[in-house]
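Read through the structure below, which is laid out as structure tokens, and then see the notes.
The sequence lines fix the lettering, A, B, ..., with proteins before strands; numbering per chain opens at 1. Because the structure is predicted, anything quoted here is derived from the model rather than measured.
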Number of protein chains: 2
Amino acid sequence: MRGVDVKGGPSGAQGRRATLREVAAELGVSPATVSNAYNRPDQLSAGLRERVFEAAERLGYAGPDPLARGLRRRRAGAIGVLYEDRLSHAFADPAEVLFLRGFSVATEEAGLGLLLLSGAPGAERDPEMIRGAVVDGFVVYSMAEDDPLVGAALGRRVPAVTVDQPEIEGLPFVGIDDRSAAREAAEHLVGLGHRRFGVVSFALAPDVRSGLADRSRQGAATYGVTSSRLRGYAEALAEGGISWDDVPVYECPMSLPEVGEDATEALLAREPRPTAILALSDQLAFGVVEAAEGMGLSVPGDLSVVGFDDVPEAARATPPLTTVRQPHEEKGLRAGRALVARLREEEVSSPSLLPTRLVVRGSTAAPRSRA
Amino acid sequence: MRGVDVKGGPSGAQGRRATLREVAAELGVSPATVSNAYNRPDQLSAGLRERVFEAAERLGYAGPDPLARGLRRRRAGAIGVLYEDRLSHAFADPAEVLFLRGFSVATEEAGLGLLLLSGAPGAERDPEMIRGAVVDGFVVYSMAEDDPLVGAALGRRVPAVTVDQPEIEGLPFVGIDDRSAAREAAEHLVGLGHRRFGVVSFALAPDVRSGLADRSRQGAATYGVTSSRLRGYAEALAEGGISWDDVPVYECPMSLPEVGEDATEALLAREPRPTAILALSDQLAFGVVEAAEGMGLSVPGDLSVVGFDDVPEAARATPPLTTVRQPHEEKGLRAGRALVARLREEEVSSPSLLPTRLVVRGSTAAPRSRA
DNA sequence: GTAACATACTTAAACGGTTTAGCTAAACCG
DNA sequence: CGGTTTAGCTAAACCGTTTAAGTATGTTAC
């Protein structure tokens with residue numbers, strides 16, 4: 001391997017960068033030959049190749065410029081992950097981290113970089129960031145259908161895959177059956193005998209509101225995941241003879257425990273007080289438990305709580321959280337592999353829906369003062 | 001804002017991408033004018049600008065190609081994070097995730113992308129990945145001094161910042177005082193009356209070994225963080241009259257609980273059995289506790305355990321873990337800002353050492369059968 | 001009436017490589 | 001010895017932009 005040295009004085013990496021052309025001139029050979037030294041060793045004699053590397057090092061040439069090479073070869077060597085919110089929120093959510101974990105396996109397999117793109121760079125949502133991202137493809141991670149950023153990404157006309165939402169005709173999709181997963185969660189509570197529910201939900205649409213969402217707001221949801229899950233809950237409750245109109249749905253701007261706390265306080269202040277709360281994520285559910293206990297209610301004694309995601313913390317929590325398991329890491333892996341396949345112009349198998357499963361733990365029980 | 005549309009039939013983003021030149025030809029104007037429409041609105045009439053966007057949309061031109069633009073402007077619009085190991089391990093460690101979280105705040109501030117680069121793409125460490133990464137700068141996250149990947153990154157002659165290690169003359173550095181932080185941890189145990197110790201360590205050098213590391217192996221350490229912490233432990237023990245030579249140091253290839261378990265089993269099998277174990281990370285410490293309990297020992301009754309990092313899980317663990325707190329997120333933020341400053345050719349303030357603090361919780365106590 | 005100045009474009013040279021086609025000289029063949 | 005290969009290198013086009021330096025044309029100043 002050609003050695004790598006940190007030349008250029010004590011301050012290390014600096015100084016004018018030499019170009020391939022300069023190396024060629026130094027040696028009195030053509031640029032093509034220097035290029036070949038790096039890309040096609042069989043196109044020149046071993047001796048000359050050595051001299052090229054030697055001269056490169058002497059001149060401080062770090063090898064072909066990635067931008068120039070990428071331009072000519074028409075590939076960037078990276079995949080962009082487009083995330084709804086600020087990246088710092090992504091890193092705060094274990095579910096998202098697990099997704100990235102799986103995704104990174106796929107990019108490593110393919111020798112590609114992983115470029116994280118946040119939806120909210122400055123404060124305003126800025127499509128320029130997407131338009132300028134040096135990537136060969138995008139994975140759109142759980143965004144609203146009508147998000148301008150999604151439009152910008154698709155407008156780039158590079159391969160793309162969506163995860164969770166939105167589902168777009170012709171694009172590979174990886175996700176779960178949110179509706180039936182949610183349904184299972186609600187059925188569990190109905191089965192235990194609960195009749196009074198509350199729902200702690202994600203945002204329904206990008207024009208983030210915080211507070212109770214009425215029927216019309218629910219109908220106008222552009223976040224597919226949110227509306228599918230609500231529909232699943234509604235179905236299960238309807239089968240149990242409970243009218244969805246009686247179920248308060250509190251919309252949270254973000255999936256964080258603290259936000260879930262606020263929501264819960266609002267829900268538990270209502271009369272009649274709910275005996276069970278369905279949260280759209282474990283993060284929110286943690287906040288629900290926190291708030292309930294803060295109000296002197298015991299979980300599951302006074303209030304049953306079901307989360308969604310089954311992040312590792314759910315099992316360790318006190319009480320251990322009943323929740324819907326979904327394979328986050330597998331989702332990332334599939335999404336990554338699907339995108340890589342697209343990049344290679346292979347055919348991608350049809351949308352993959354991953355399995356979910358209700359995991360019953362200690363945060364749910366039959367309502368106390370029933371019967 | 002110019003609208004973005006997903007044209008090109010049902011399969012969405014696809015079809016030949018048009019170039020700026022084609023848009024220009026379509027309109028009978030020069031390429032420069034089209035470029036100006038995107039970059040300098042004041043250089044052409046508003047009417048023409050509109051027609052440019054209209055034609056662009058009609059032809060399926062998504063705006064200036066990032067690679068070409070980047071080449072011309074000499075900027076990539078992203079910062080690379082160079083991580084020792086596979087990314088999936090990075091995402092498994094809460095400390096690293098916190099770091100990235102802080103770092104992402106800085107990149108968002110600057111409107112830059114965040115490109116994750118793993119040390120181990122295929123299986124072999126491949127500097128090509130680094131050489132080809134489309135980035136304006138690197139942050140080197142806790143890597144060995146002599147890692148060829150570090151050399152490759154520095155060889156790129158772009159701005160760089162190192163975090164934790166290595167410290168390189170002339171490069172901005174962000175980290176903590178590992179030696180005195182470790183010292184404080186060991187002092188705590190000595191103060192409690194412990195005399196027999198074991199250490200569960202990170203790797204000392206990239207030629208990963210698993211097992212007890214003797215004095216010479218310790219002396220040859222190229223991971224600065226590891227050797228500094230060991231030195232800190234040694235100093236504190238020496239002051240307590242305990243010879244470092246009597247302290248077994250178990251080297252772990254990775255910072256994962258399972259690995260810590262193996263290490264602990266080996267350490268606790270020795271005679272005399274240690275009454276206290278110092279782990280170089282919380283992840284390892286979790287494994288230590290796990291293993292001890294698996295062997296029927298109680299923590300802290302039979303064995304005291306001190307971790308390092310104070311990840312959020314440490315406080316929630318049973319027993320709550322005594323550990324050394326360091327500001328991971330702040331580290332990321334500082335590193336990111338320092339790099340951004342370098343990119344802007346501002347002067348960067350001197351190396352920043354962040355504060356640490358021993359957090360005493362329930363995993364440490366005085367040794368039982370002493371006195 | 002003309003010098004000076006905007007305005008709205010255009011020209012052409014970078015930016016730093018890769019790649020196709022081709023050229024020359026030496027090696028090989030029968 | 002004439003002809004075909006092969007090894008080793010080069011010339012020149014090309015990748016898709018940006019940008020400094022023009023060039024017309026119309027407007028303003030005096």
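Between the side chains of B:Y223 and B:E84, at least one donor N or O sits under 3.5 Å from an acceptor N or O. Neither side chain, B:R49 nor B:N36, offers a donor N or O lying under 3.5 Å from an acceptor on the other.
Contact annotation: B:S45 side-chain N/O to C:dT7 OP1/OP2 distance is not under 4.0 Å. The side chain of B:S35 contributes an N or O atom lying less than 4.0 Å from OP1 or OP2 of D:dT18. OP1 or OP2 of D:dT19 has at least one side-chain nitrogen or oxygen of B:R40 nearer than 4.0 Å. The phosphate of D:dT19 has neither OP1 nor OP2 within less than 4.0 Å of any side-chain N or O from B:Y38.
Comparing B:V29 and B:R73 by the nucleotide of DNA chain C that holds the closest heavy atom to each, the one mapping nearer the 5' end is B:V29. Annotation: of the two residues near DNA chain C, B:R74 and B:S30, the 5′-most nearest-nucleotide partner is B:S30. In terms of position along DNA chain D, the nucleotide closest to A:L44 lies nearer the 5' end than the nucleotide closest to the other residue of the pair A:L44 and A:R21.
Counting distance only, with no hydrogens placed and no angle test, the side-chain atoms of A:R72 and the base atoms of D:dC14 include a donor-acceptor pair under 3.5 Å.
If you take CG of B:L20 and P of C:dC15, they are 19 Å apart, rounded to a whole angstrom. Here the C1' atom of nucleotide D:dG16 and the CZ atom of B:R17 are 11 Å apart, to the nearest Å. Atom CD of A:Q43 is separated from atom C1' of C:dG22 by 13 Å (rounded to the nearest Å). Going from atom CZ of A:R75 over to atom P of D:dG16 covers 16 Å, rounded to whole Å. Here C:dA8 presents its C1' atom at 14 Å from CG of B:L27, a figure rounded to the nearest Å. Straight-line distance from the CZ atom of A:R51 to the C1' atom of D:dC9: 12 Å, rounded to whole Å. We find that CG of A:D65 is positioned 9 Å from P of C:dT18, with the value rounded to whole Å. Separating the CZ atom of A:R69 from the P atom of D:dC14 is a distance of 22 Å, rounded to the nearest angstrom.
Proximity note for B:L71 (side chain, C-beta onward) versus C:dC15, D:dA12, D:dC9: the nearest is C:dC15. Nearest nucleotide to the side chain of B:T33, out of C:dC9, D:dA12, D:dT18: C:dC9.
In summary, of the residues considered (A:L114, A:V81, A:L112), a side-chain contact (heavy atoms from CB on, under 4.5 Å) with A:S104 occurs for A:L114 alone.
We find that B:R342 and B:E346 are not joined by a salt bridge, their nearest charged nitrogen and carboxylate oxygen being 4.0 Å or further apart. A:E128 has a carboxylate O that lies under 4.0 Å from a charged side-chain N of A:R131, or vice versa, which qualifies the two as a salt bridge. Here A:R74 does not pair with A:D136 in a salt bridge; the nearest charged N to carboxylate O distance is not below 4.0 Å.
For an aromatic pair to be called close, the ring centres must be under 6.0 Å apart, and B:F103 with B:Y141 fails this.
Crowding of A:E145 atom CD: a count of heavy atoms from other residues, nucleotides or ligands under 6.0 Å not exceeding 12.
Across all strands shown, B:T19 has heavy atoms under 4.0 Å from sugar-phosphate atoms exclusively, and none from any base. Within 4.0 Å of A:L67, counting heavy atoms only, lies no atom of the nucleic acid at all.
Comparing the end axes of the helix from C:dG1-D:dC30 to C:dG30-D:dC1, each fitted to five base pairs by superposing C1' atoms of four pairs onto the next four, gives an inter-axis angle of 30° (nearest 10 degrees).
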